Protein chains: 2
Amino acid sequence: MSSSPHNTPCELCASRKFSMMSGLTDTQICTISDHKNLISHRKGQILYYEGTKPLGIFCINSGVVKVYKTASNGKEQIVHLAQKGDFLGYAALLGEENYTNSAMIVEDAKICFIPKEAFLKTLMTNSEFFKRVTKELSHELGVMEEKLTDATQKSVRERLAYVLLHLASCYGVEGGESQKIDLILSREEIAGIVGTATESVIRLLSEFKKDDLIEFEGKKIIIKDKRGLARLSDFYA
Amino acid sequence: MSSSPHNTPCELCASRKFSMMSGLTDTQICTISDHKNLISHRKGQILYYEGTKPLGIFCINSGVVKVYKTASNGKEQIVHLAQKGDFLGYAALLGEENYTNSAMIVEDAKICFIPKEAFLKTLMTNSEFFKRVTKELSHELGVMEEKLTDATQKSVRERLAYVLLHLASCYGVEGGESQKIDLILSREEIAGIVGTATESVIRLLSEFKKDDLIEFEGKKIIIKDKRGLARLSDFYA
DNA sequence: AAAAATGACTGATTAATATCATAAAACATT
DNA sequence: AATGTTTTATGATATTAATCAGTCATTTTT
């Protein structure tokens with residue numbers, strides 16, 4: 001970790017428009033802006049560990065972070081992939097408990113750390129912000145329930161197809177017919193998102209490639225047939 | 001549904017001490033108390049459907065409610081079993097979206113309906129209450145992430161063993177050595193909690209019974225060997 | 001009480017997926 | 001370039017759990 005010489009105020013931050021702070025007035029976010037601290041992180045670095053005490057929250061300026069839980073068999077279940085504008089660690093803070101998951105940098109990132117006090121003060125004095133955070137939290141809960149339902153009721157093939165489409169919608173860059181997922185994930189990480197064994201992901205990706213649904217460009221995946229994958233991702237479609 | 005003649009104010013409600021309203025002063029909850037409406041529900045009745053617009057929240061006075069999602073294959077995934085003191089439907093309200101799940105009465109219940117306006121007003125004017133709701137929401141998110149991890153990384157046997165222990169901790173009544181789960185759930189509902197097929201639950205319960213881990217008393221399950229089940233519920237124990 | 005419907009259970013079979021083993025490829029290090 | 005290391009890939013096998021089919025038991029309806 002190295003502290004950046006530049007510490008752009010939130011008011012001028014380019015990733016703000018993607019975040020829960022978009023639309024708030026400059027004065028409303030000044031407490032946060034004054035106390036935050038931008039830090040650069042390299043791939044593989046850990047933001048925080050499950051079980052430890054949260055001291056503040058993280059706001060992603062650039063890069064990608066995986067939020068995951070380590071199961072008792074040692075495998076990682078990735079519960080969320082966070083990118084620019086996303087806040088991390090606020091649930092543990094608001095839940096007044098230790099982190100229930102860990103966070104690791106997947107793609108080199110610039111991340112602001114906002115100390116607990118500054119964050120909570122802003123929440124308490126700015127009900128608009130508090131409402132947004134709560135709204136986000138509520139939404140995340142619904143998303144997680146959906147993931148749970150998919151995990152128990154859909155096959156690995158369906159889930160993988162869905163994950164690819166979802167990744168494309170979040171990290172996709174257009175290329176005519178096809179769409180490239182502009183994010184490098186290992187097969188093991190994809191398995192961690194889907195919730196399956198690495199070998200299963202490898203096999204299914206090969207199958208998808210054979211069926212002309214996807215192709216590979218270096219380590220990145222290109223979606224060639226969105227409709228085909230969508231069909232695969234649903235039960236009866 | 002029949003409106004109860006008695007509409008105990010929240011201040012005097014016996015289930016309050018289990019709820020997010022415990023510890024709040026009487027004046028703090030008066031807006032809610034003045035606007036709530038107690039209704040009796042019978043087993044099988046629906047509180048709300050996934051996809052519909054929330055008009056308020058529910059506070060359970062007695063009885064049990066299953067909160068579930070219907071998967072594309074038609075099966076139910078039960079995401080939560082709610083009992084006295086639990087609030088339902090607030091995530092949809094705070095997330096400003098339609099219900100992302102449905103709720104059905106599992107055991108005859110008395111439930112207060114608190115209109116959206118009264119609930120939101122109380123939240124906005126009582127930051128202590130707002131904090132509690134947010135705390136609960138954050139906690140639920142962590143719980144759901146844990147369930148997702150279990151669903152993808154643990155076997156059906158492990159999950160069922162865990163579910164039984166969890167049910168015992170929530171609905172258990174002591175009986176010397178053993179502990180009775182004082183709640184009638186169909187095999188299909190247990191399958192919906194675990195996230196598996198009904199037949200698998202039936203088979204595994206028979207197995208658990210054969211191994212003297214549990215026994216049946218009518219429709220209820222008695223935990224005979226808590227430690228044994230705990231051992232089964234973990235990966236390497 | 002008889003008939004129908006539902007829920008619990010059992011067995012057989014199939015399908016999906018994890019696991020184990022090993023090889024090839026890619027990448028990093030010296 | 002040679003080496004070690006990690007990641008990806010593939011094959012064989014084992015295991016788990018779903019599905020299908022059918023019986024028995026219990027409630028509900030007629």
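We use all heavy atoms of the structure for the numbers below, so side chains are in, but hydrogens, waters and symmetry mates are not. In what follows, every chain begins at residue 1, and chains take the letters A, B, ... in the order their sequences are listed. In this text, all values refer to a predicted model and were calculated from it rather than measured experimentally.
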K.L.:
Looking at D/dA9, C/dT19, C/dT10, which one has an atom nearest to any side-chain atom of A/K75?
P.N.:
C/dT19
K.L.:
Round to a whole Å and report the spacing from CZ of A/F216 to P of C/dA25.
P.N.:
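The answer, rounded to whole Å, is 15 Å.
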K.L.:
What's the closest nucleotide to the B/A197 side chain, out of D/dA9, D/dA18, C/dA18?
P.N.:
D/dA18
K.L.:
Please state how far atom CD in A/E158 lies from atom P in C/dA15, giving the value in whole angstrom units.
P.N.:
16 Å
K.L.:
Give a yes or no answer on whether the side chain of A/K66 reaches the backbone of A/I105 with a donor-acceptor pair at less than 3.5 Å.
P.N.:
no
K.L.:
Side chain of B/E199 only, heavy atoms from C-beta on: which candidate in D/dA9, D/dT19, C/dT19 is closest?
P.N.:
D/dT19
K.L.:
Take atom NZ of A/K209 and atom P of D/dT10, then tell me their distance rounded to the nearest Å.
P.N.:
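Interatomic distance, NZ of A/K209 to P of D/dT10: 8 Å.
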K.L.:
With nearest nucleotides of DNA chain C determined for B/R187 and A/G195 from heavy-atom distances, which residue corresponds to the more 5′ nucleotide?
P.N.:
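This one resolves to B/R187.
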K.L.:
Report yes if a side-chain nitrogen or oxygen of B/R157 is closer than 4.0 Å to either non-bridging phosphate oxygen (OP1 or OP2) of D/dT16; otherwise report no.
P.N.:
no
K.L.:
A/K154 NZ to C/dA15 P: how many Å, rounded?
P.N.:
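Between P of C/dA15 and NZ of A/K154: 22 Å.
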K.L.:
On DNA chain D, check which nucleotide each of A/L185 and A/T152 is closest to and give me the residue with the more 5' one.
P.N.:
A/L185
K.L.:
Without decimals, in angstroms, what is the distance between A/I202 CD1 and C/dA25 P?
P.N.:
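Distance, rounded to whole Å: 15 Å.
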K.L.:
Would you mind reading off the distance between A/E207 atom CD and C/dA16 atom P, rounded to a whole angstrom?
P.N.:
10 Å
K.L.:
A/K219 near the nucleic acid: base, sugar-phosphate alone, or nothing, with a heavy-atom cut-off under 4.0 Å?
P.N.:
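Sugar-phosphate only.
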K.L.:
Is the side chain of A/K84 donor-acceptor paired with the backbone N or O of A/G63 at a distance under 3.5 Å, no angle test?
P.N.:
no
K.L.:
Is there a donor-acceptor contact under 3.5 Å from the side chain of A/K69 to the main chain of A/T100?
P.N.:
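Yes; judged by distance alone, with no hydrogens or angles, the pair exists.
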K.L.:
Please check if the side chain of A/D86 supplies one atom and the backbone of A/Q83 the other of a donor-acceptor pair under 3.5 Å.
P.N.:
yes
K.L.:
State whether a side-chain donor-acceptor pair under 3.5 Å links A/E158 with A/S233.
P.N.:
no
K.L.:
Report the nucleotide, chosen from D/dG11, D/dA17, C/dT10, that has the shortest atom-to-atom distance to any side-chain atom of B/S200.
P.N.:
D/dA17
K.L.:
By the 4.0 Å heavy-atom rule, please label A/T198 as base, sugar-phosphate, or nothing.
P.N.:
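Here A/T198 touches no strand at all.
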K.L.:
Within the structure, does a side-chain N or O atom of A/S206 lie under 4.0 Å from either OP1 or OP2 of D/dT10?
P.N.:
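Checking D/dT10 against A/S206, a side-chain N or O does come within under 4.0 Å of OP1 or OP2.
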K.L.:
In this structure, how many angstroms lie between the P atom of D/dT6 and the CD atom of A/E188, rounded?
P.N.:
12 Å
K.L.:
Atom CD of A/Q153 to atom C1' of D/dA17: distance rounded to whole Å?
P.N.:
13 Å
K.L.:
Looking at D/dA9, I'd like to know if its phosphate oxygens (OP1 or OP2) sit under 4.0 Å from a side-chain N or O belonging to A/R203.
P.N.:
no
